Number of protein chains: 2
Amino acid sequence: MNVATSPASPEELGVLLKGAQSVLHLRMDECLRPLGLSVSQYACLHHLHQAPGITASDLARRAFVSRQAMSVLLQGLERQGLVARAEEQGPRRERAMSLTPRAEAALHDADRAVSEVVGRMVAPLPQSERDTLARLLAACRDALLDG
Amino acid sequence: MNVATSPASPEELGVLLKGAQSVLHLRMDECLRPLGLSVSQYACLHHLHQAPGITASDLARRAFVSRQAMSVLLQGLERQGLVARAEEQGPRRERAMSLTPRAEAALHDADRAVSEVVGRMVAPLPQSERDTLARLLAACRDALLDG
DNA sequence: ACGTTCATGTCAAGAGTTTGACACACAGCG
DNA sequence: CGCTGTGTGTCAAACTCTTGACATGAACGT
């Protein structure tokens with residue numbers, strides 16, 4: 001069965017994408033849980049680090065979750081003393097979120113752990129193909145972003 | 001900040017993977033909902049079509065969800081008359097699942113809709129790069145599967 | 001033959017997420 | 001100025017998925 005696997009059929013591409021993302025999510029959870037972080041929490045801190053002072057709604061959009069889910073996520077991180085919300089609210093009732101110094105340190109450790117996992121994932125691939133993979137994924141994402 | 005974006009940093013690759021998969025999931029949901037199917041239900045039917053007579057547990061592994069989640073998913077599909085479970089149980093208390101003719105027809109329509117979405121996703125990419133993407137994703141998945 | 005081990009299927013409880021709804025705040029336009 | 005539209009933040013309910021646990025059935029080793 002499966003006489004011709006070479007030509008990637010459209011549906012299989014989606015299955016491959018979900019498969020790779022699911023396994024990565026699994027392995028990330030395994031290495032982040034000992035650090036006291038869930039994958040969602042790590043993603044939240046990561047996006048907040050690379051775009052400081054962002055709002056909760058914008059953060060939710062970048063993480064592809066609803067505002068409500070990001071809100072409860074941020075409440076948990078705030079209880080842990082990892083994020084802080086500005087007291088005064090900005091132009092559109094928005095309140096800027098920021099990472100605490102403790103979060104920067106925790107994120108540093110988490111980034112190392114995640115890098116190790118991703119490094120294991122792309123271990124069999126040469127650097128040129130890793131760059132190709134990143135370029136192709138970005139192209140796929142952007143092709144469906146405004147639709 | 002971010003002086004050199006060309007070399008894909010490990011964490012960004014994970015973000016790209018999740019981003020592409022999330023947007024694809026979103027667009028698939030938009031085109032499958034009118035057909036009365038959720039993305040999870042479609043994935044279940046898809047895996048069941050390409051491996052008929054499979055068990056619920058194996059189906060759960062292929063879809064990267066727990067047995068329990070797949071169980072409730074199958075109960076819903078059974079209520080809709082899309083899947084049927086064998087009455088007699090096999091070697092290890094297992095009961096083979098199968099698609100009904102009505103499901104085959106529904107899956108045909110769903111596959112067309114999904115193919116259209118995936119086609120839109122890979123539209124800017126030549127065929128050679130689509131094959132490359134499939135190969136790289138499979139390599140990443142397999143590299144983390146047994147860890 | 002017997003006990004151990006493993007895998008399936010299922011129940012119950014918990015966590016995480018989505019959907020729908022509302023109040024509030026600013027921008028744009030009559 | 002007032003009205004509409006858009007965006008943010010938040011509450012509540014519904015849904016989905018996960019985790020933990022248990023009973024059943026078959027394979028394996030002794």
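Below, read A as the first sequence line, B as the second, and so on, with proteins coming before strands; counting in each chain starts at 1. Reckoned from all heavy atoms, side chains included, excluding hydrogens, waters and symmetry mates. In this text, all values refer to a predicted model and were calculated from it rather than measured experimentally.
- Regarding contacts with the backbone of dT10(D), a side-chain N or O of Arg85(A) is found under 4.0 angstrom from either OP1 or OP2.
- Between the side chain of Arg130(A) and the main chain of Leu125(A), a donor-acceptor pair closer than 3.5 Å is present.
- In terms of phosphate contacts, Ser66(A) brings no side-chain nitrogen or oxygen within less than 4.0 Å of OP1 or OP2 of dT19(C).
- Here the side chain of Thr100(B) pairs a donor or acceptor atom with the backbone of Gly81(B) at under 3.5 angstrom.
- The one candidate from Leu107(A), Asp109(A), Leu32(A) that meets the side chain to side chain contact (heavy atoms under 4.5 Å, CB included) condition with Val114(A) is Leu32(A).
- Across all strands, Val65(A) comes closer than 4.0 Å only to sugar-phosphate atoms, never to a base (heavy-atom distances).
- Atom P of nucleotide dT19(C) and atom CG of Asp29(B) are separated by 7 Å, given to the nearest angstrom.
- Looking only at distances, no side-chain donor or acceptor of Arg102(B) sits under 3.5 Å from a matching main-chain atom of Leu82(B).
- Atom CE of Met97(A) is separated from atom NE2 of His47(A) by 15.0 Å, given to the nearest 0.5 angstrom.
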Within the sub-3.5 Å range, which N or O atoms of nucleotides 4-7 of chain C have a protein N or O partner, and how far apart are they?
| residue | atom | partner | partner atom | Å |
| --- | --- | --- | --- | --- |
| dA7(C) | O4' | Arg92(B) | NE | 2.9 |

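- Direction change of the helix axis from one end of the helix from dA1(C)-dT30(D) to dG30(C)-dC1(D) to the other is 30°, with five pairs defining each end axis (rounded to 10°).
- Looking at heavy-atom distances under 4.0 Å, Ser38(A) makes no contact with the nucleic acid at all.
- The phosphate of dT17(C) (OP1 or OP2) has a side-chain N or O of Ser40(A) nearer than 4.0 angstrom.
- dT8(D) atom P lies 18 Å from atom CD of Glu88(A), rounded to whole Å.
- Nearest to the side-chain atoms of Gln68(A) among the listed nucleotides dT19(C), dC11(C), dC17(D) stands dT19(C).
- At least one donor-acceptor pair under 3.5 Å links the side chain of Ser115(B) to the backbone N or O of Asp111(B).
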Please tabulate, for side-chain N and O atoms in residues 13-22 of chain B, each donor-acceptor pair with protein atoms closer than 3.5 Å (sequence neighbours left out).
| residue | atom | partner | partner atom | Å |
| --- | --- | --- | --- | --- |
| Ser22(B) | OG | Lys18(B) | O | 2.8 |

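- For the pair Leu73(B) CG and dG9(C) P, the interatomic distance rounds to 14 Å; values are reported in whole Å.
- Between the CG atom of Leu26(A) and the P atom of dC17(D) there is a distance of 16 Å, rounded to whole Å.
- Within the 3.5 Å criterion, the main-chain N or O of Ser38(A) finds a donor-acceptor partner in the side chain of Gln41(A).
- We find that CE of Met70(B) is positioned 15 Å from C1' of dT10(C), with the value rounded to whole Å.
- Between Arg67(A) atom CZ and dT6(D) atom P there is a gap of 14 Å when expressed in whole angstrom units.
- If you take CG of Leu74(B) and P of dT8(C), they are 14 Å apart, rounded to a whole angstrom.
- No continuous path of ILVMFWY side-chain contacts below 4.5 Å connects Leu26(A) to Val122(A), so the two sit in separate hydrophobic clusters.
- Straight-line distance from the CD atom of Gln75(A) to the C1' atom of dC11(D): 11 Å, rounded to whole Å.
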